[in-house]
Structures are given as C-alpha cells and as structure tokens.
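Down below is the structure, laid out as structure tokens.
Throughout, residue positions are numbered sequentially from 1 according to the sequence presented. This one's a predicted model, so the numbers in the text were calculated from it and none came from an experiment. Whatever order the structure lists them in is the order used to number ligands and atoms, beginning at 1.
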Amino acid sequence: MIGEALTLQALEKRYDKTVAIEDFSLGIRAGEFLSILGPSGSGKTTLLTMIAGFETPSSGMIKIGPRDVTYLAPNKRNIGMVFQRYALFPHLSVAANVAFPLRMRGIAEAAIKRKVDAVLEQVHLEAYAKRYPRQLSGGQQQRVAVARAIIFEPPVLLMDEPLGALDRKLREKLQFEIKNLQQRLGATVVYVTHDQEEALTMSDRVAVVAAGRLAQIGSPIELYRSPTSAFVGDFIGRMNFLEATYAGHHGGRHAIRMRDGGVVTIDTADSRPAAFSAGQSVSLAVRPERLSLAPQGRDRGALLTGTIEASVFAGSFFLFLVRPYGETAALWQVQMPADPLSGNLRQGDHVDIVPEHGALRLFEKSGA
Ligand SMILES: Nc1ncnc2c1ncn2[C@@H]1O[C@H](COP(=O)(O)OP(=O)(O)O)[C@@H](O)[C@H]1O
Ligand SMILES: [Mg+2]
C-alpha cells in the first residue's frame, strides 16, 4: 500500500522457546492514531521495542515510510518514544531533558531554546522549564516525556502505556491532551495499552493482540459491533456467552442446539461466515444492552429463563445479574434503561431473557 507511515510485515520474535510475536502484519497510515490493545504478556512491548529498534525481529520486516529499517540502529530511525515510567534524566532540568534529542543532533543553541519554549507551551509546562523531574507530579513528568518525544518532529511516535502509572482522573485528562496534541501535529501515533476504554476513546483504529498474534484490527465501532472472535467480543466491552452445539443451516439461518435440547435459529447475516459443522461446539454471544427481561412466560422470543440474583441501579440504567435455569454458565448481565418496567423487577423474580433482533452472535468455541 502507498502512503503508509509504518509497515509491519510478518513480524516474529522468539526468546528461546517463548514466541512473543508471531506472524504480525499491519499497515499504519500517516496521521493515524493506532492503539495496540491486549492483556498483559500478549507481546505489546515486544512489538513496540522492535519498531523502535531496541530489539531485532527473529524474522519479518519493518518499514518507516518506504524505507526498510528492520536492522537499523534506534537513533537512526527518527522515532519518538514515551515509556510507562517517565525515564527522564533526574540530573537535568525540564528544559534540558526536552532539549536532549536536539543536542544529540548537534542543533544550534539558539534554535534549541526556541524549540524547547514552543514544545513546553504545547504541553502546558512553560512555567516549569527550570525545575527538575523530582519537583514535578507524575502527570507533569509524563508531559515532559511527551515534549521530549515530539521535539524533533518524528514521523512516528510510539507510546508504551504512557499513562499506566497515573490515577484515573489524571489519566483521562492526559488522554485528552495527548489526543489533542496528536491531532494538532498530525502525528502518526502507535499507542500501547491494556485498557480497552482508553483504546476505544483515543484511537482511529485499534489492533487487538492475543498471545503474540493480531486478533483483529478495526475502528472502535467495528470492534465493538462486529468482533470476529469470542476473545475480542469479551475483551472489548461486556459480553454474555452460552455454550451450545451447532445443528446446521435451515433456510439461511444457523440452528443452534442449547444444553436443554431446545433449538434457536439466528440470521446468518448476524454472524461470522465461518464454516461451522453440525455437532461442533460453539459460543452464542450477546451484549448486555441488547437484552431485556420480561416476567417469565410472557415472551416467546426468550433465549433463556432464570432468576434475578442482583440488580444494580446506575442512574440511567439498571444492570441485572440473572442466573439461567439448568445452566452451569456464569451469571448473565442484562442492561435495561431505568424506566417503570425495569424499576419493577426484583431480586428473586423469575424472568425470560429476551435478545433484540439481530443481537445474537455465533463464535467458534474459544480454545484459549
Ligand atoms: N527479554 C525477554 N526475554 C524472554 N522473554 C521475554 C522477554 N521480553 C518479553 N518476553 C516474553 O514475551 C512475552 C510478551 O511480553 P511483552 O511484550 O512484555 O508483553 P506485554 O507488553 O503485552 O505485557 C511474555 O511472555 C514475556 O514473558
Ligand atoms: Mg508491556
């Protein structure tokens, strides 16, 4: 593809027997904010350190623009990097920390001074130039790290859980600031996080990583609405699962046999075009906000029946936890708007769990 700022081609990284990254291919557009989202240990940092050049891939290729940089030294790649721990030089002032990449490049002092002032203003730290890192809060230190990473205007900026050490309020504020700065600069950002909310709110696209592999890539809305695996459905937002058996096609619909022997059918358009075979174990999945509860026996579209074990009032909605009959499966979560109907439901009530039309999804039973 033309115009990609960063290209990863069939990247692989092995440490002895550990395969940290496997068959990983991805193209990142210029000006794009892309998040790498995955659980701890899934290979996110390994991926970023290979892009930065601190680790060499076992195989595969990394390109910045049209240029192959797979074996190029980190300081030749022109990449800005922000780490989870601020990694500032403790003996240098804020201004000197931020100036560091320019001094390394032998830029004239007068030009450095101008550039440092401008960048500190962009991260709202112009009054702190003479301070030392230990005299700053965590959020301020991380802003210094961001300033240092953007001062030489790198074509690609890498961030590895940069807000992971901060408390929630501050994290949300800095998420907004970083996103805002990225848009003003038109910078290409690869942002690593294990926090799905952070990934969804900040990114143009999100790459979900599971055990060293790319599980799915897409816009936040695509990933939320159309996960292609149980893993992604479960990792992004909340999802209820029901183990069942695939029974076959009937008139353009999938037929699924439940544990109690009942059969439900779902539109093929609503689920993956994967080739399921009769007798195969599958997972039926549905999001809590696409379910509602009705007094037992009232609704013929019920997927399950069960007992309300708990209800949580969350202002604009209720979250009900329902124990399905005859299922050893986990409690089901049902989210309903707070209205007279949901307000009348009580703990211990026997209820039908009713999915919205088109809300059910079908996945291969996840092995891992
Ligand atoms: N230097 C290393 N030597 C051996 N194994 C490593 C090394 N770095 C990472 N790993 C392993 O690679 C896997 C991915 O780690 P990492 O990239 O740090 O994951 P994440 O950043 O998603 O938490 C883990 O199993 C980890 O133990
Ligand atoms: Mg990591």
Side-chain angles (χ1 to χ4, degrees), residues 6-26 28 33-62 69-74 77 79-88 138-139 141-142 145-146 148-149 156-168 170-171 174-175 178 188-203 205-218 220 223 227 229-237 366-368:
L6 180 67
T7 312
L8 313 179
Q9 255 171 41
L11 268 194
E12 183 168 317
K13 181 66 182 177
R14 274 174 269 116
Y15 297 105
D16 287 328
K17 286 187 187 117
T18 311
V19 182
I21 288 291
E22 202 172 1
D23 192 21
F24 205 102
S25 297
L26 192 60
I28 298 159
F33 194 113
L34 181 108
S35 286
I36 308 280
L37 172 68
S40 178
S42 57
K44 306 182 298 295
T45 294
T46 303
L47 200 59
L48 225 57
T49 49
M50 286 193 290
I51 298 170
F54 300 117
E55 291 278 2
T56 306
S58 306
S59 62
M61 179 159 67
I62 300 168
V69 300
T70 315
Y71 300 103
L72 202 65
R77 295 192 183 195
I79 279 178
M81 178 118 189
V82 180
F83 301 91
Q84 174 168 3
R85 294 283 166 187
Y86 325 117
L88 301 177
Q141 289 186 50
Q142 204 53 309
V146 169
R148 188 178 58 184
V156 177
L157 193 56
L158 308 178
M159 301 196 184
D160 190 357
E161 313 221 19
L163 310 181
L166 307 177
D167 65 56
R168 188 187 170 87
L170 190 55
R171 219 162 60 216
L174 270 125
Q175 282 170 7
I178 289 174
T188 307
V189 172
V190 182
Y191 189 99
V192 161
T193 179
H194 65 269
D195 179 343
Q196 49 120 350
E197 240 174 85
E198 183 163 287
L200 294 181
T201 54
M202 295 181 82
S203 314
R205 284 191 304 162
V206 179
V208 183
V209 184
R213 286 175 165 272
L214 179 62
Q216 190 173 353
I217 180 165
L223 291 181
S229 63
F231 175 84
V232 172
D234 197 27
F235 198 68
I236 293 190
S366 53

Students should find this: residues with any non-hydrogen atom under 4.0 Å from ligand 1. What is the answer?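 Residue list for ligand 1: Y15, T18, A20, P39, S40, G41, S42, G43, K44, T45, T46.
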
So, does [X] use its side chain to make a donor-acceptor pair with the main chain of [Y] at under 3.5 Å?
| X | Y | value |
| --- | --- | --- |
| Q9 | F24 | no |
| K44 | Y191 | no |
| K13 | E22 | no |
| Q196 | G237 | yes |
| T193 | E198 | no |

For the atom pair CZ (R171) and CG (D195), what is the distance rounded to the nearest 0.5 Å?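 These two atoms lie 5.5 Å from each other.
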
Is any NZ, NE, NH1 or NH2 atom of the basic residue among R168 and E197 found under 4.0 Å from an Asp or Glu carboxylate oxygen of the other?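 Salt bridge: yes.
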
If we only look closer than 2.8 Å, how many protein N, O or S atoms does the Mg ion (ligand 2) have near it?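 My tally for this metal is 1.
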
Close side-chain approach of L200 and L37, heavy atoms under 4.5 Å: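 In short, these two side chains do not touch, never coming nearer than 4.5 Å.
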
Close side-chain approach of F235 and S229, heavy atoms under 4.5 Å: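 In short, these two side chains do not touch, never coming nearer than 4.5 Å.
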
